[in-house]
Engineer: 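Quick one: this structure, given as structure tokens, is what I'll be asking you about.
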Number of protein chains: 2
Amino acid sequence: MPKKRVTLNALTTTAVELADTDGFDALALTGVAEKLGVAASTLYTHADGVDGLKYLVAVAATRNLTETVRNAAIGASGPDALTAMGFAYREFALDHPGQFASTLLPAKLEGDELATAKLTLLGVFVLVYQAIGHSEHEARLAARATCSAIHGFLALEHTNTPSSDHDADYRFLLNALQHGLLHTHAASQT
Amino acid sequence: MPKKRVTLNALTTTAVELADTDGFDALALTGVAEKLGVAASTLYTHADGVDGLKYLVAVAATRNLTETVRNAAIGASGPDALTAMGFAYREFALDHPGQFASTLLPAKLEGDELATAKLTLLGVFVLVYQAIGHSEHEARLAARATCSAIHGFLALEHTNTPSSDHDADYRFLLNALQHGLLHTHAASQT
DNA sequence: ACCTGAACACCGTTCAAGT
DNA sequence: ACCTGAACACCGTTCAAGT
């Protein structure tokens, strides 16, 4: 019998997979333990219960999302980059529903892993707005507004009454936001 | 001993209260039953398990939110009405976190109570945009975009990295969206 | 028709005991 | 240091039995 050893990496990976499969809320120590071939109580050596496990998933998911969005941003300039990022964000949410849901988990301590992961994600948007010509303050406002709008759309997309064309709705939202942000930018420069 | 009788109304009210107190996810048959003074199994006479209970909460919450937003819309015209609705929405979310969270629950059947409640809420926004001069199609797009953005902001407001001024952030988002929607409106008319 | 209590399954958590 | 299995609490759900 080979001794069963659990690494933090294997634990996280398995938890992320299970979250995407069964839903983030349904993520259970039992399921992860079974998939890893260990007793459920073993997981307390590596994570702080079910909340600790969900925290691990949230951190990994936020980082994965950040990388996806960042990759979408390269190679396109300004406004096009924003649209590309928006659609990459959406694709991530559709492909990884559990990871997307985990994004809502609040950070515990200011400056902890999850908090910094969230800041990094926001930072990608900030950079794009700065590249367009916004000041840092404006860019931060614009980035927060954009992330809020995107998250809201994706969260409601599958819960709300079915629209005829979600794709068009999303494009409309991104466009309106973009024009609105350009407006405030122009207004602040006059 | 007076016989304990549970009405659907008392059940819903208690569940809504408990959702706001303990969180929508933590809503439990046990807690509701205890607060009503009956055995947990009794609740199966009135609701279809825990999911049925959450469904009841979601319907009630959506209706409450709709009334709040509708009330905020009267007495102000056009753009001002939209801002007022946005802030009423936010106040509702802050005061009733459980009800706000229940808003994310998807409707089961098309045309069921929850689906129509969601449509009614959206309808309030549609009406305002029509009053401003948008066509019905445009108004529907604008309403969906607005609801998405508002929901996203409120969902992330307490989970994301603390901003210096959430109030300003929210105002900024509502403003940008409003200007962006006016832009697309103007563009489609030229 | 509505309510109760017993019963069972399932999950989270702790802990003494093994290696 | 890491893993196990027993133990316990808690919640959801079902059902036969009461009124």
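Computed over heavy atoms, backbone and side chain alike; hydrogens, waters and symmetry mates excluded. Each chain gets a letter, A, B and so on, in the order the sequences are listed, and its residues count up from 1.
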Engineer: Among the nucleotides dT4(D), dT4(C), dC2(D), which one has an atom lying closest to any side-chain atom of Val38(B)?
Structural biologist: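 Of the candidates, dT4(C) comes closest.
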Engineer: Can you sort out the partners of Tyr170(A) under side chain to side chain donor-acceptor pair (under 3.5 Å), two or more places apart, ordered by chain and number?
Structural biologist: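 Partners of Tyr170(A) by the side chain to side chain donor-acceptor pair (under 3.5 Å) criterion come out as none, since no residue qualifies.
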Engineer: Using Watson-Crick or G-U wobble pairs with both distances under 3.5 Å, give me DNA chain D in dot-bracket, 5' to 3', with [ ] for crossers and | for pairs to another strand.
Structural biologist: ||.|||||...|||||.||
Engineer: Can you measure Leu8(A) atom CG to dA1(D) atom C1' for me and round it to whole angstrom units?
Structural biologist: 15 Å
Engineer: Glu136(B): what forms a salt bridge (charged side-chain N to carboxylate O under 4.0 Å, His left out) with it, not counting sequence neighbours?
Structural biologist: Arg140(B)
Engineer: Give the rounded distance in Å between these two atoms: CG of Leu36(A) and C1' of dC2(D).
Structural biologist: 14 Å
Engineer: Taking atom C1' of dG5(C) as reference, at what distance in whole Å does atom CD of Glu34(B) sit?
Structural biologist: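 So the two atoms are 16 Å apart, to the nearest Å.
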Engineer: If you restrict it to nitrogen or oxygen atoms, what contacts under 3.5 Å exist between nucleotides 10-14 of chain C and the protein, and what is each distance?
Structural biologist:
unit_1, atom_1, unit_2, atom_2, d
dG12(C), OP1, Leu29(A), N, 3.4
dG12(C), OP2, Leu29(A), N, 3.0
dG12(C), OP2, Thr30(A), N, 3.2
dG12(C), OP2, Thr30(A), OG1, 3.0
dT13(C), OP2, Tyr44(A), OH, 2.8
dT13(C), OP2, Val50(A), N, 3.0
dT13(C), O5', Tyr44(A), OH, 2.8

Engineer: Does His46(A) place a side-chain N or O at less than 4.0 Å from the phosphate oxygens OP1/OP2 of dC3(D)?
Structural biologist: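 Looking at the OP1 and OP2 atoms of dC3(D), one of them is under 4.0 Å from a side-chain N or O of His46(A).
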Engineer: Regarding Asp95(A) and Arg90(A), does a basic nitrogen lie under 4.0 Å from an acidic carboxylate oxygen?
Structural biologist: no
Engineer: For the residue pair Leu8(B) and Leu56(B), establish whether any side-chain heavy-atom pair is separated by less than 4.5 Å.
Structural biologist: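 When only atoms from C-beta onward are counted, Leu56(B) and Leu8(B) do touch, with a gap below 4.5 Å.
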Engineer: Could you state the atom-to-atom distance from CZ of Arg5(B) to C1' of dT19(D) in whole Å?
Structural biologist: 11 Å
Engineer: Does anything in residues 43-62 of chain B form a side chain to side chain donor-acceptor pair (under 3.5 Å)? List the pairs, not counting sequence neighbours.
Structural biologist: Tyr55(B)-Asp112(B)
Engineer: Any sub-3.5 Å donor-acceptor pair from Thr68(A)'s side-chain atoms to Phe92(A)'s backbone N or O?
Structural biologist: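 Not a single qualifying donor-acceptor pair exists.
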Engineer: By the side chain to side chain donor-acceptor pair (under 3.5 Å) test, which pairs, at least two apart or in different chains, include something from residues 22-39 of chain B?
Structural biologist: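 Non-adjacent pairs meeting side chain to side chain donor-acceptor pair (under 3.5 Å): Glu17(B)-Lys35(B).
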Engineer: Is the phosphate of dC2(C), meaning OP1 or OP2, less than 4.0 Å from a side-chain N or O of Thr42(B)?
Structural biologist: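 Result: no.
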Engineer: When you look at CG of Asp165(B), are more than 12 heavy atoms from neighbouring residues, nucleotides or ligands closer to it than 6.0 Å?
Structural biologist: yes
